[in-house]
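What follows is a single structure, written as C-alpha cells, with notes after it.
Everything numeric in this text was worked out from a predicted model, so none of it was measured. One-based numbering, in listed order, for ligands and for the atoms of each.
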Amino acid sequence: MTPPPLRQRPAWRALEAHADEIGRRHLREFFEQDPDRGRRLRAQAAGIYLDYSKNRITDETIRLLTQLAVESDLANRRDEMFSGGHVNVSEDRAALHVALRMPRGTSLIVDGVDVVAEVHSVLDQMADFSTRVRSGEWTGHTGRVIKNVVNIGIGGSDLGPVMAYEALRFYSRREMTFRFVSNVDGDDFVEAVRDLDAAETLFIISSKTFGTVETLTNAHSARAWLIEQLGDDAAVAKHFVAVSTNHEKVTAFGIDTANMFGFWDWVGGRYSMDSAIGLSTMLAIGPDAFGELLAGFHAMDQHFRLALFEENLPVLMGLIAVWNRNFLGCSTVGVMPYEQYLKRLPAYLQQLTMESNGKHVSLDGIAVDYQTGPVYWGEPGTNGQHSFYQLLHQGTSIIPVDFIGFARSLHPLGEHHDLLSANVFAQAEALAFGKTESEVRRDGTAEHVVAHRVMEGNRPTNVLLADVLTPTLLGSLIALYEHSVFTQGTIWGIDSFDQWGVELGKALATVIVPELTDDAPTLGHDSSTNALIEQYRTLNGRGVS
Ligand code: G6Q
C-alpha cells in the first residue's frame, strides 16, 4: 500500500505544528527542564553509542517522527529491501547490499537463486587470490613478488576502497604499498606509479560496468605503462585483475576472466565496498579481517532489521536528519571523525548520502514539494576546529554535526588521545550551550567585544562513540549510515538507489571531446561553452574555425 503524499500524512502535519511550538526553544532549556536528558536520549548497538540528546527535539518529537516512519511504511520498505524486492524502482532492480554480509550457511533466495551462496563463492575466490598474493605465491611476470597494489576505479568503485584502506591501514600489510587512481586527470595516474616498479605492481581495474571512461582511460594508460616497463605484452596476465559485472568487456580489455571477481546488478556502486570492489581492502588487511568487517556490517543490519524504531540507531539518526532538514530548515550536515584513520570518511559519506538522497521526484515520478537530501561535508577533528568551525559556532546558518569519537587510540601516545577526545565533547557542548552575554561579561571581557564573543549555541549535534577503530566497527559504522540514508529516503518517498543526475555530464562530455581535438569542428553550444572551447583550442595551438 502506497502511503499518502508526505505532507498529507497526519504525523507530518503534527510535526509542522510541533516545530512551530518547540523549533526555536533552546537546548539550554531542554537540559534544564530534564537534567537526565543526556542519559535518556541515547541508544547503543553493534559497539556504537549514539548520544542524540543535543538535538532540538523532545520526547514528543521522537514520538511523532517514529509515527511518521510508521505512516511512511518504513518497516515494510526495509523488509522489502532485505528480501530482494525491487526497491530501486527507476532501474527496476533490488538493492541487496545487505546480502553481501550475510554469514556463510545462511541463505536468501532471489528469483530462484541463493544469492548468499554466490556471495560466499566470490569471497572464497577473493580470499584465495589475496592469500596467494600476500604470501608471495602469486608472482608478477618476471617472477617477482607483488608489493604494490593500484586500484583503478571511480565513484563507488573508488571511494569505498580508499576510505577502507585508510581507515584500516593500522591492520594492513605494511610491506605492501596501496594506491588508488580515480581521476581521468593524468596527474593522478602518473603520480600514483612514478615510484613503483612495474615488476612488483598489480592493477585492480574496478568497474561495475567496465564502461566508465575515466576508469578505462586510466586502465589503458596502466597497461601501456606496464608493457613499456616490462617490455612484453604477455605481462598483462599476471599484473591485471578485474572487478566487474561485465564479463564481455573485461575479456575485450584483455583480462582473463579467471582473474575477474564478479558481483551483481543488485549491488549499487556506493553500496559496494563490501563486495569484490573491496578486493584491495582484502589484499591490505587479509581475508580474516575482511570477514570481521563484513560481520560488523551484518551486526548493524540485524539491529536495523529487528530493533524497535525508538531504539534503532539508523532509524533514529535518519529521522532526526529529516527533522533537521524539513522542520528546522538545515541544508547541510557536517561529519567530523575524531580519528585520523577516518580522514576519507566524509568524502565517502558525501557520495553515500548525496548520490542517494539528492532527488527531486518521488518514486512515482512526481516532483516533491519538500526538501530532500542535505549537503554532507566534513574533515577530521581537530583540524576543522582551527578552520571552519567558526561558522558552525557563530555563523548565521544552523549546521547539524555528527561527531565520531573513540574511547581508545590505536596508537596510545602520551596525552594525545585524551586531548583529542576532550575536543569531541567540548565542541558538542559548546555548539549546544554556547556562551551567553552574561557569561562573556563574567569573564571580564571589554564591553565593545562582548557581542563578538557571544555564542548563541542551540546547534544540533549527534555524538557517536565507540571503543576503538577495528574492521568490525568500521563495518557497523558504514551500515549505520547506509540505513540512516535509507530511512531518510523512505520518509521522502524517493529512490535512494539510482543516480540519473550523474549521467547528463557524462553524455555531454562525450560530445565535446572531439570538439577539442578535431580539425575545425563546428561548435553548436551556447556562446559561453563555445568561447571556452575556442579559448582552450587557442591555448593548445589548435586554432578555431
Ligand atoms: C555509485 C554510482 C557511481 C559509480 C561510478 C563508477 O553508486 O553508480 O559512483 O560507482 O560511476 O561506475 P563503474 O563501477 O561502473 O565504473
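- Applying the salt bridge (charged side-chain N to carboxylate O under 4.0 Å, His left out) test to pairs two or more places apart or on separate chains, those with a residue in residues 111-131 are R104-D124, D128-R132.
- Sequence neighbours left out, not one pair with a member in residues 180-192 passes salt bridge (charged side-chain N to carboxylate O under 4.0 Å, His left out).
- Near ligand 1, residues I154, G155, G156, S157, S207, K208, T209, T212, G269, R270, Q351, E355, Q499, K506 each place a heavy atom inside the 4.0 Å sphere around the ligand atoms.
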Problem set entry | Intermediate values then yes/no, salt bridge (charged side-chain N to carboxylate O under 4.0 Å, His left out), K238 and D232 | CA-CA 12 Å; K238 299 300 292 290; D232 187 354; over 6 Å; no
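- Checked against R270 for a side-chain hydrogen bond (donor to acceptor under 3.5 Å, both in side chains), the options H97, Q351, E355 give a single hit: E355.
- Formation of a donor-acceptor pair under 3.5 Å by the D498 side chain with backbone atoms of E91 is not found in this model.
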Can you give me every donor-acceptor pair (side chain of residues 317-329, partner residue at least two apart or in another chain, under 3.5 Å) with its distance?
from : atom 1 : to   : atom 2 : distance (Å)
W323 : NE1    : R56  : O      : 2.9
R325 : NE     : T372 : O      : 2.6
R325 : NH1    : C330 : O      : 3.3
R325 : NH2    : Q371 : OE1    : 3.0
N326 : OD1    : W492 : NE1    : 2.8
N326 : ND2    : Q371 : O      : 2.9

